[in-house]
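Heads up, the thing below is written out as C-alpha cells.
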Amino acid sequence: MVYRLLALDIDGTLLNSNNRLDRQTKDAIQYAQKKGVIVTLVSERHFHSAAKVARALRLTQPIITHNGAFVSSSMDDPVYTSKIDHSVLIQLAEFLETYPCQIQMSHERLSVSNRPHSKNLIAKMTIGMNEPLFYPVTYVDSLSQYLLENYEAATDVKVKVDEKKTTDDLEKAISDYFPSLETSRAGSDRMTIVRQGTSKFNGLLFFAGQLGIPLHEIVAVGDGFDDLEMIEKCGLGVAMRNAPKEVKAKAEWVTRSNDMDGVAYMVREVFRKQIRVH
C-alpha cells in the first residue's frame, strides 16, 4: 500500500512528556517528506500554538487545529472552519450564565471568559490543555453582553462547574435545547461544547478531500480518545504505546511511546519500503 498523507497528533504523540520535539522525530518527518508524503498536524491546540510545532517541523501544508474546527496554514486565510455561529453563541452564553460555572469561549485569535468566582479557578481554566496560553484570556463580567457588542463565532466553549451533578444537568439541557451543538466531557466537572460534526477526523477528511487523497492512503497517528475516529477510519491507524487501552485496541498498529520516539520509529518502519510518491 502506498500512503500519501501522514496525519499526526501533537501532545502525547509528536512531543515527549517534557513537551519537546526530539531530533529523531524531526529527521523522520523530513524523511517522509522526501518520499513525497504530505505531512499535517491534527490537534486540539489553538492554531497559533500548533503552527509553532509545524514551523519546527518545516511543514508547508495547512494544519488541522482546534480539534478540527480550524484548518489553515495561516491565521487569516483558513481553508475550512467549523464554528459555533454568533447567534447560537449568544443564546448559549445566556443559558450557561444561569448556572454557577466558569465559561471560556475561544477562536483562533482570542479567548474570552467570565470572571472566575475565585482566583484559584484562573489557573485551572486552561482546561485539558498541555500547552502554555499563547494569547491571553480576556475576562469580562458577562459573556452574553460581550457577544452583543462583539460579532464573533467560536471554535469551542469550555465550561467548568462546581460539582458533577451540574455537569450532568448541563449536558442533558444542551442536548435538548441546542441541537446544532455537541458536548464532550473532560473530567467530572468540565465539558467542551462545539458545533455539531466538529472533530479531528472531519477536519482531516475535508483536508484530504481538497488534496484528492482517499482515506485508505492516509496514516493517522494519535494517543487520545479524540484521535480514535481517525485511527479507526484511515488506511493505517497507529496508536502510541502511551495511549489508553481502548485506543490501542482500535489501532492497526501500536508504535513505541512518545518518550521512546514512537513517531520516528513508525515513520521509518512504514515508509522505508515505499517508493517516492509523485
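At a threshold of 4.0 Å, the pair Glu152-Arg109 does not count as salt-bridged, since none of the basic side-chain nitrogens sits closer than that to a carboxylate oxygen. Salt bridge absent: Asp22 and Arg20 never bring a charged side-chain N and a carboxylate O closer than 4.0 Å. Between Asp27 and Arg23 a salt bridge is recorded (basic side-chain N to carboxylate O distance below 4.0 Å). Ionic pairing of Arg256 and Asp261 is not present here: no N-O contact between side-chain nitrogen and carboxylate oxygen is shorter than 4.0 angstrom. Note on Asp176 versus Lys172: salt bridge recorded, some NZ/NE/NH1/NH2 to OD/OE distance being below 4.0 Å.
Between Arg115 and Asp141, the closest side-chain pair of non-hydrogen atoms falls below 4.5 Å. With a 4.5 Å cut-off on side-chain heavy atoms, Ile174 and Phe95 count as touching. Using a 4.5 Å heavy-atom threshold, the side chains of Lys200 and Asp9 count as touching. Residues Val79 and Ser72 form no side-chain contact, since every pair of their non-hydrogen atoms from C-beta on lies 4.5 Å or further apart. Inter-residue side-chain proximity for His66 and His46 is flagged as met; some heavy-atom pair is nearer than 4.5 Å. Contact check for Val238 versus Leu236: side-chain heavy atoms found under the 4.5 Å cut-off. With a 4.5 Å cut-off on side-chain heavy atoms, Met240 and Ser257 do not count as touching. Within the 4.5 Å cutoff, the side chain of Gln61 has no heavy atoms near those of the Ser73 side chain.
Counting non-hydrogen atoms of neighbouring residues, nucleotides and ligands closer than 6.0 angstrom, the CZ atom of Phe225 exceeds 12 such neighbours. Few gaps surround CZ on Arg272; more than 12 heavy atoms of other groups in view lie less than 6.0 Å from it. Other residues, nucleotides and ligands contribute over 12 non-hydrogen atoms within 6.0 Å of the NZ atom of Lys248. Counting non-hydrogen atoms of other residues, nucleotides and ligands closer than 6.0 Å to CZ of Arg185 gives a total above 12.
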Stepwise, does the side-chain contact (heavy atoms from CB on, under 4.5 Å) test hold for Glu44 with Asp11?
CA-CA 9 Å; Glu44 75 278 4; Asp11 296 292; 3.4 Å; yes
Before you tell me yes or no, could you show the steps for Gln104 and Val157 under side-chain contact (heavy atoms from CB on, under 4.5 Å), namely the whole-Å CA-CA distance, both residues' side-chain angles and the distance that decides it to 0.1 Å?
CA-CA 6 Å; Gln104 184 174 312; Val157 176; over 6 Å; no
Go through Leu57 and Leu14 one step at a time and tell me if the side-chain contact (heavy atoms from CB on, under 4.5 Å) criterion holds.
CA-CA 10 Å; Leu57 291 169; Leu14 264 176; 3.8 Å; yes
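Only one option out of Arg190, Gln102, Met191, Met105 pairs with Val159 in a side chain to side chain contact (heavy atoms under 4.5 Å, CB included); it is Met191.
Cluster membership check: Val267 shares its hydrophobic cluster with Trp253, using side-chain heavy-atom separations under 4.5 Å among Ile, Leu, Val, Met, Phe, Trp and Tyr.
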